[in-house]
A.B. asks: 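Here it is, the structure, as structure tokens.
We name chains A, B, ... by the order of the sequence lines, and we start the count at 1 in each one.
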Amino acid sequence: MTEATGDQYREQRLANMRELQRMGYDPFGSAFARTGTLAEIRAAFAAGREVSAAGRIATMRDMGKSRFMDLRDGSDRFQIYLRRDALGEEGFAAAGRLDLGDHIGVTGALFTTRSGEQTIEVRAWRMMAKALRPLPEKWHGLKDVEARYRQRYLDLACNPETREIFARRSRAAAAVRAFLNARGFQEVETPMMQPQAGGAAARPFATHYAALNADMFLRIAPELYLKRLLVGGCDRIFELNRCFRNEGLSRTHNPEFTMLEIYEAYGDVQSMKRLVTDMVAHLADTVYGGRAVRMGETTIDLNPPWREVAYRELLEETMGAGWHALPADEARRRAAERGVAAEPGWGLAEISHEIYEKVIERTLVQPTFVTRLPAAIVPLARACPDDASCADVFELVIGGQEIAPGYTELNDPLEQRRRLEGQAGADREKVDEDFLEALEHGMPPAGGMGVGIDRLLMVLSGAEAIRDVILFPQLRPRKEP
RNA sequence: GGAGGCGUAGCUCAGCUGGCAGAGCAGCGGACUCUUAAUCCGCGGGUCGUGGGUUCAAAUCCCUCCGCCUCUACCA
């Protein structure tokens with residue numbers, strides 16, 4: 001960002017700044033008592049009323065001995081009017097040294113122009129902050145996607161749609177907390193730095209804690225700590241915070257992402273299903289302003305009840321009625337017809353899951369609970385009462401994306417040990433003994449759920465990429481030449 | 001990691017059958033005391049992502065590297 005011509009703008013702005021200083025203006029002013037935000041001033045508009053307002057100069061229209069500007073703050077845009085007669089020779093000349101993007105504070109009387117625009121006729125003004133670099137253009141805004149992510153402040157400063165997305169994000173977090181608090185759930189915070197990264201199957205980020213000379217991992221899920229809290233008698237808890245997974249970037253993956261995990265003692269997969277249904281509908285109302293949510297070409301109807309279908313049925317729907325009775329090599333051939341390549345050692349279960357993830361999941365645009373997943377792929381969930389090969393879980397899919405898995409949690413410590421040891425194989429150190437010991441003290445039966453907040457926000461704001469709902473998404477660090 | 005696309009002024013974009021690097025906005029100078037994408041007159045502004053190659057001549061064709069995007073791979 002140090003191109004030769006960029007400096008031309010900077011030099012001009014620096015010159016304007018020095019000139020303002022010479023005239024007695026502090027280019028980086030301090031606190032300013034404004035009447036309210038621009039939106040509040042507009043809402044309480046009354047001709048003749050004296051107000052103080054602050055904002056960034058968004059546009060300027062110079063008429064010679066008078067000048068119009070648009071101020072912009074986080075709430076609105078408001079026109080101000082500067083006249084030489086009103087400001088005096090010096091004040092008006094000083095205002096001539098203002099540049100687009102400068103923060104100023106103004107005081108003056110409200111009036112309506114001939115063309116009907118609500119305006120402040122400025123009697124006095126102050127410098128709040130000089131902008132030494134130009135903002136992106138007023139009409140097209142900032143479109144360059146890389147710049148929008150790397151310099152999000154520019155994106156926010158000139159694209160109202162971006163501000164709206166993150167306003168929604170904030171409202172969503174507040175609404176989630178209010179919703180859960182109202183149902184007796186307590187928010188907790190558990191370690192992000194863990195000696196063992198458990199609760200999910202993902203590569204963790206590794207770090208080192210010098211004081212203890214201990215290798216640590218950034219958490220991939222809070223699950224195993226939240227279950228310790230269930231043992232401790234925290235019956236209804238949730239955690240809304242960051243998880244980290246050392247994996248690739250994609251349209252729907254960011255290495256740090258926000259997950260909401262909820263546990264309810266004496267609940268099960270059914271109570272979680274009801275909870276997430278109510279919560280998503282509530283979020284649609286409060287965050288999106290309706291339950292028919294546009295996503296690209298299609299409209300997603302978030303009105304409950306939502307479709308519920310067993311994993312096995314989905315596969316039969318797609319692959320034919322006899323699917324589950326097929327020999328592996330025949331299944332492999334039919335998978336290949338669907339463009340799904342099965343690896344050499346795979347049996348029917350692995351091939352089926354590959355088809356589910358690669359073919360079926362993306363077709364589930366309307367909210368769908370996929371239930372009764374194979375037990376082998378959900379080691380922390382209890383088996384279905386009527387079929388030990390199925391886990392008593394759901395996976396909520398919206399817009400073709402996995403949004404929330406919900407479980408009847410496994411609370412049998414011996415069974416849990418068998419599964420974790422089976423999963424760890426020879427890698428016994430990966431078994432979280434501390435967690436198993438906690439379970440042996442008795443964890444109440446519970447329903448548990450994890451909600452991918454970023455992906456849910458994508459649905460609730462029509463965003464096509466997870467980067468668009470994360471303020472500073474992960475990008476490759478820029479190398480200095 | 002693999003495949004494809006993109007990278008030109010502060011911003012948004014043209015130019016890409018090789019032939020003097022362009023427009024709008026922004027900036028600078030001038031006119032204008034109700035404009036609002038203000039208008040009018042004039043002017044300046046470029047490492048065409050980087051490095052190399054082909055050529056009399058490269059923003060344009062070829063290769064390297066960097067970054068971004070999409071797909072893919074990894075991903076309970």
A.B. asks: Pick base, sugar-phosphate or nothing for A/Ala200, based on heavy-atom distances below 4.0 Å to the nucleic acid.
C.D. replies: base
A.B. asks: Mind checking whether A/Tyr25 and A/Trp125 have ring centres under 6.0 Å apart?
C.D. replies: yes
A.B. asks: Please walk me through it: do A/Tyr311 and A/Tyr356 pass ring pair (Phe, Tyr, Trp, His ring centres under 6.0 Å)?
C.D. replies: CA-CA 8 Å; A/Tyr311 180 84; A/Tyr356 171 70; 5.3 Å; yes
A.B. asks: Within the structure, does a side-chain N or O atom of A/Lys358 lie under 4.0 Å from either OP1 or OP2 of B/rC75?
C.D. replies: no
A.B. asks: Which nucleotide, in any strand shown, forms a Watson-Crick or G-U wobble pair with B/rG45, with both distances under 3.5 Å?
C.D. replies: none
A.B. asks: Considering all heavy atoms of both residues, which atom of A/Thr113 and which atom of A/Phe68 are nearest to each other, and what is their separation?
C.D. replies: CG2-CE2, 4.4 Å
A.B. asks: Tell me, please, whether A/Phe369 has A/Arg307 positioned over its six-membered ring: NZ or CZ under 6.0 Å from the ring centre and within 45 degrees of its axis?
C.D. replies: no
A.B. asks: Side-chain N or O of A/Arg203 less than 4.0 angstrom from OP1 or OP2 on B/rC74?
C.D. replies: no
A.B. asks: How close or far is atom P of B/rC34 from atom CZ of A/Arg84, stated in whole angstroms?
C.D. replies: 13 Å
A.B. asks: Is any side-chain N or O of A/Glu117 under 3.5 Å from a base N or O of B/rU35, one able to act as donor and the other as acceptor?
C.D. replies: no
A.B. asks: Does A/Arg83 put a side-chain nitrogen or oxygen below 4.0 Å from OP1 or OP2 of B/rC32?
C.D. replies: no
A.B. asks: What is the distance, rounded to the nearest whole Å, between atom CG of A/Leu132 and atom C1' of B/rG27?
C.D. replies: 15 Å
A.B. asks: Tell me whether the side-chain N or O atoms of A/His140 pair up with the base of B/rC11 as donor and acceptor below 3.5 Å, since no angle test is needed here.
C.D. replies: no
